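Note that the structure is a prediction, hence the values are computed from the model and not measured. Naming: A, B, ... by sequence-line order, numbering from 1 per chain.
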2 protein chains.
Amino acid sequence: MSLESVPPKYAQLVQALQRRIESGDYPPGSLLPSENQLINEFGVSRPTVVAALRVLREQGWIDSQQGKGRFVRGRPAMASAEQPRPGQAYLTAPETASAGEVIEAAAVAVPNRIAALLNLAPKSKAFLRRRLISRDGEPTEVVSVWVPLELSEGTDLTSAESLPQGLREHLQSRKGVRFDHIVEQITARMPATAEAKQLGMPKNTPLLAVYGAVRDASGTALAVVEVLLPADRHELEDAYPIG
Amino acid sequence: MSLESVPPKYAQLVQALQRRIESGDYPPGSLLPSENQLINEFGVSRPTVVAALRVLREQGWIDSQQGKGRFVRGRPAMASAEQPRPGQAYLTAPETASAGEVIEAAAVAVPNRIAALLNLAPKSKAFLRRRLISRDGEPTEVVSVWVPLELSEGTDLTSAESLPQGLREHLQSRKGVRFDHIVEQITARMPATAEAKQLGMPKNTPLLAVYGAVRDASGTALAVVEVLLPADRHELEDAYPIG
DNA sequence: GCTCTAACTTGGTAAAACAACCTGTCGGGT
DNA sequence: ACCCGACAGGTTGTTTTACCAAGTTAGAGC
């Protein structure tokens, strides 16, 4: 039997048109062939053509205007720039992917900001796992993860060793929770003396602080990751389409 | 004549189902009525039902599984957090939407960072429009927009008055350029003495700086917006789905 | 208890029709 | 000659009917 399940026709059409746009066959700003032309050329029905063009429009490759036609926008610059957001890498990638040492792994009373993000009462406890990340032998970032106590039970988070598995996979397989989205807060403050010393930074330069609250689809907070970066050595970069 | 253009049927169905999910009529985890049930209840055809359910799935309201049915996930926590990103509001909304005064509007030599984002030679000139934004009578942010000289010609950017139109619409109608996406950089630094005075902030608290480079679909830089926020009074918040 | 089938589900394709919108052209009028 | 409206022909947007394919489940029959 043919195990090579062919992709649906509309998906093939999407790929064919993407190739033509990328190759310059359909340059940006030009008018795409009309629906009828595509029907004749590819030998498919109109719903199939429309389904393919809908995908392209939703992905940002083309614009459509009723009565005029569909215009090529070019390869969506976003598609390539899908690099992980600041804190996200530390949630999905295994700890062994980044050089660093675990400097704290225990249940502690949570700071106010973390309590708010986790929907916990102030001064209640949560499990904290904090690592000092190094690049080229120099300490560069402090990454902390707070997890509610009931979620940390039965996991390997207490280990002082680097986890060979990403936090996301670990919690998903052990506790059956599903990460859905992240609410991110970015702020800046001056470093405490101990922090400046840990990071080897001058104590008169600010610290960029990124807080990422991980939630499931219903909005329940599952974990909070905090990334502290010396602002003189790091920036946050990101790209997104305009509505 | 009836000016109240009715929304398409599939859009009405989307709204109806969203209301039922939000009201708890279709609780998260439950099975949505099958396509045939919805066809009978709403008196529409199957493609219409499928179109509505496709929108709901793409927006994250439901999950679908072939052979079993469609499961309610709940209101996507993202939908509400679709507020504009930090710098974006100043590009689309008219200046009159935010209280503030124009404190600079002239062609100036661009700083290095701006030159890099605009793909200009260092020390070349660009048009700068800078405003001091106030909330509740207190100055809170400095918003600067750099536009290449050739794009600023023939526009109202030189006016000291607040523009009644958004920068996006203005440049789009006057110069025919299309905003496509934004590359955003976030960093922190200490304020200059003049900046601290302008913003009425203590000079030992850091300044959050957001740089948004607006580009068209081909990646050509069209403008750069810089937002300066005192870190003790403002934070950046954002939400995004996990890949 | 086991298997197999029937009946359900969603996914995909085809053919047809109408509506809304844009852009020319061809008039008639000034 | 010029301007302006009507109109025809193109485009995309929406809706309907119909059929087949693939995955899941439950019950009939062994």
Bounds of contact between DNA chain C and chain A, in 5' to 3' order, using a heavy-atom cut-off under 4.0 Å
dG12(C) to dT23(C)
Over how many whole Å does the gap from K68(B) atom NZ to dA26(D) atom P extend?
10 Å
Atom pair CD/CG of Q12(B) and L17(B) - distance to nearest 0.5 Å
12.0 Å
To the nearest 0.5 Å, what is the distance between OG1 (T187(B)) and CD1 (I186(A))?
11.0 Å
Could you check which residues of residues 44-53 of chain B get a heavy atom under 4.0 Å from DNA chain D? Sort them by number, please.
V44(B), S45(B), R46(B), P47(B), T48(B)
Hey, are the side chains of V110(A) and W146(A) touching, using non-hydrogen atoms and a 4.5 Å cut-off?
yes
Judged by nearest nucleotide, the residue sitting upstream toward the 5' end of DNA chain C, G67(A) or Q37(B), is Q37(B)
Looking only at non-hydrogen atoms, find the nearest pair between V227(B) and E141(B) and report the distance.
CG1-OE1, 3.8 Å
In whole angstroms, the gap separating P of dG13(D) from CZ of R54(B) amounts to 12 Å
With side-chain contact (heavy atoms from CB on, under 4.5 Å) as the test, would you mind laying out the steps for L236(A) and Q185(B) before giving the verdict?
CA-CA 5 Å; L236(A) 304 174; Q185(B) 294 176 344; over 6 Å; no
Rounded distance in Å - CG (L31(B)) to P (dA26(D)):
12 Å
Would you give the length of the straight line joining atom CZ of R54(B) to atom CD1 of I62(B), rounded to the nearest 0.5 angstrom?
11.0 Å
Identify whether any heavy atom of R57(A) sits under 4.0 Å from a base atom; if not, whether one sits that close to sugar-phosphate; answer base, sugar-phosphate or nothing.
sugar-phosphate
What is the distance, rounded to the nearest whole Å, between atom CG of L13(B) and atom P of dT16(D)?
10 Å
Please report, rounded to the nearest Å, how far the C1' atom of dT15(D) is from the NZ atom of K9(B).
7 Å
Nucleotide dA21(D), atom P - distance to CD of Q66(B) in whole Å:
13 Å
Can you tell me how far P of dT12(D) sits from CZ of F71(A), to the nearest Å?
10 Å
L53(A) side chain near R57(A) side chain, heavy-atom distance below 4.5 Å
no
Nearest 0.5 Å please: distance from the OH atom of Y26(B) over to the CG atom of L31(B).
11.0 Å
Interatomic distance where CD1 belongs to I39(B) and P belongs to dT15(D) [whole Å]:
14 Å
